[in-house]
Amino acid sequence: MAGDRAEKLPRKQYERELLRLQMELAKLQEWVRTEGARLVVVFEGRDAAGKGGTIKRVTEHLNPRIARIAALPRPTERERGQWYFQRYIQHLPAAGEIVLFDRSWYNRAGVEHVMGFCTQEEYQRFLHQCPIFERMLVEDGILLRKYWFSVSDEEQQDRFRRRLEDPLRRWKLSPMDLESITRWEAYSQAKDAMMVHTDIAEAPWHVVESDDKRRARVNMIAHLLDSVPYQDVPPPVLDLPERPESSGYQRPPRDLQKYVPDHAANL
């Protein structure tokens, strides 16, 4: 359980601070690009804990060619025969890139372990290899940040119920999500074991209390910004050129092209 529910952050205060933080994220992105830095941010936590909404706010005003989201589907048959970390490695950033993992290699420590999708031997091997793998990433210069979104059982239940009733968010629910309700303690035990083995000095876990989504979003983004030694990079000086005079070009008749109907005119 995430603890006592904090008072919800007022919307106006949230929107004002979120905009300020997003402006700083744009500065962080430019620093990453110009410095050739590599930033990996891992988002983990229970279903409906607010990971996706936070990722959306982080990337809302960033360049998708620089800041990418890695949300991997279930492994293929071929990927099941690979070294476990192999399919995640190909999604790591090159110089000047940011990658946000919407769930990550920690699937093995959570859902795969709890639901029996991996063997006990594979699970134990993961707990042994994961700190080694992450130390290698950090040693190679990757900035690795790991966030665990913690939501109470009551709040998770409420969010599941709202998703069931909302046709725009119904897709977010899967049978696996609902199964997690009946395995709350098993997931708690798996998370505790994961923290013991993988909360290392080189790549520590940071817990985000997320019963209040607004508070969770600004807290997580502010922490990320504080944890990276970025600097404000002056933008290039750009001048809007004067439009040259026409050289005689004439647009083809409109009836030669197909236009989208004016749906808005009927509103």
Side-chain angles (χ1 to χ4, degrees), residues 1-6 40-56 69-75 79-80 84-85 87-88 100-131 133-134 144-164 169-200 203-213 215-217 219-220 223:
M1 185 175 294
D4 296 334
R5 297 191 186 190
V40 171
V41 187
V42 169
F43 292 79
E44 291 287 347
R46 293 184 186 272
D47 298 314
K51 301 179 296 297
T54 304
I55 292 172
K56 183 182 296 184
I69 300 172
L72 277 61
R74 66 179 59 186
E79 288 172 334
R80 291 191 188 97
Y84 176 72
F85 295 95
R87 77 186 191 116
Y88 294 98
L100 312 176
F101 279 94
D102 186 354
R103 297 200 180 278
S104 65
W105 45 88
Y106 282 100
N107 277 337
R108 176 138 295 177
V111 64
E112 289 191 18
H113 172 56
V114 173
M115 300 301 296
F117 296 155
C118 67
T119 67
Q120 188 65 17
E121 181 183 0
E122 289 170 331
Y123 170 66
Q124 293 296 334
R125 186 184 305 127
F126 170 85
L127 293 180
H128 170 69
Q129 290 185 348
C130 185
F133 172 66
E134 291 182 350
L144 177 59
R145 303 294 183 266
K146 303 186 307 193
Y147 293 97
W148 176 270
F149 283 71
S150 178
V151 64
S152 66
D153 49 359
E154 297 95 339
E155 180 64 23
Q156 185 193 52
Q157 191 89 354
D158 289 345
R159 292 177 185 177
F160 280 165
R161 187 176 296 108
R162 291 196 295 271
R163 288 180 180 183
L164 277 171
R169 295 190 295 168
R170 180 64 178 78
W171 63 270
K172 290 186 175 184
L173 272 182
S174 69
M176 195 77 65
D177 297 331
L178 300 180
E179 178 75 15
S180 68
I181 295 176
T182 65
R183 299 177 184 246
W184 180 271
E185 289 192 2
Y187 273 104
S188 296
Q189 292 169 350
K191 184 263 292 185
D192 293 343
M194 178 195 78
M195 290 287 186
V196 168
H197 287 84
T198 64
D199 186 24
I200 58 177
W205 278 104
H206 298 282
V207 177
V208 181
E209 296 283 7
S210 62
D211 272 11
D212 177 4
K213 290 184 178 181
R215 189 179 299 273
R217 291 165 187 168
N219 287 346
M220 179 267 150
H223 181 274

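Count residues from 1 along the sequence. Keep in mind that the numbers below use all heavy atoms, side chains included, and drop hydrogens, waters and symmetry copies.
Contacts of R161 classified as side-chain contact (heavy atoms from CB on, under 4.5 Å), with partners at least two apart in sequence or in another chain: Q157, D158, E165. Looking at residues two or more places apart in sequence or on another chain, you find a side-chain contact (heavy atoms from CB on, under 4.5 Å) between I200 and P131, E134, R135, E202, A203. Listed by chain and residue number, nothing satisfies the salt bridge (charged side-chain N to carboxylate O under 4.0 Å, His left out) test with K213 (two or more places apart in sequence, or in another chain). Looking at residues two or more places apart in sequence or on another chain, you find no salt bridge (charged side-chain N to carboxylate O under 4.0 Å, His left out) involving R145. For D102, the salt bridge (charged side-chain N to carboxylate O under 4.0 Å, His left out) test picks out no residue, with sequence neighbours left out. Considering only residues two or more places apart in sequence or on other chains, Q189 meets the side-chain hydrogen bond (donor to acceptor under 3.5 Å, both in side chains) condition with none of them. Under the rule for a ring pair (Phe, Tyr, Trp, His ring centres under 6.0 Å), the partners of F101 that lie at least two apart in sequence or sit in another chain are W105. Qualifying salt bridge (charged side-chain N to carboxylate O under 4.0 Å, His left out) partners for R163, counting only residues two or more places apart in sequence or in other chains: none. Partners of Y147 under the side-chain hydrogen bond (donor to acceptor under 3.5 Å, both in side chains) rule, at least two apart in sequence or in another chain, are H223. With sequence neighbours left out, F160 forms a ring pair (Phe, Tyr, Trp, His ring centres under 6.0 Å) with no residue at all.
Summarising the geometry, atom CD belonging to E155 is positioned 12.0 Å from atom CD belonging to E209; distances are rounded to the nearest 0.5 Å.
When every heavy atom of R74 is checked against every heavy atom of E79, the shortest pair comes out as O-OE1, 4.4 Å. Taking each heavy atom of C130 and Y106 in turn, the nearest pair found is SG-OH, 3.4 Å. In this structure, D47 and Q156 approach most closely via the heavy-atom pair O-NE2, 2.9 Å. Taking each heavy atom of S104 and V42 in turn, the nearest pair found is OG-CG1, 3.4 Å. Scanning both residues, A48 and V151, for their nearest heavy atoms gives O-CG2, 4.5 Å. Closest non-hydrogen pair, V41 versus M220, comes out as CG1-CE, 4.0 Å.
At a threshold of 4.5 Å between non-hydrogen side-chain atoms, the residues Y187 and M115 count as touching. Considering only heavy atoms from C-beta on, N107 comes within 4.5 Å of Y84 through its side chain. Side-chain contact check for R80 versus C118: every heavy-atom pair is 4.5 Å or farther apart. Side-chain contact between V40 and Y88 is absent, with no heavy-atom pair separated by less than 4.5 Å.
A donor-acceptor contact shorter than 3.5 Å links the side chain of S210 to the backbone of A49. When atom types are taken as modelled, the side chain of E44 and the backbone of K146 share no donor-acceptor pair closer than 3.5 angstrom. At least one donor-acceptor pair closer than 3.5 Å links the side chain of R103 to the backbone N or O of G45.
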Side-chain donor-acceptor pairs of residues 190-198 under 3.5 Å, sequence neighbours excluded:
residue, atom, partner, partner atom, Å
H197, ND1, A193, O, 2.9
T198, OG1, M194, O, 2.6
T198, OG1, W205, NE1, 2.9

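Annotation: salt bridge (charged side-chain N to carboxylate O under 4.0 Å, His left out) contacts involving residues 111-123, sequence neighbours excluded, comprise R108-E112, E121-R125.
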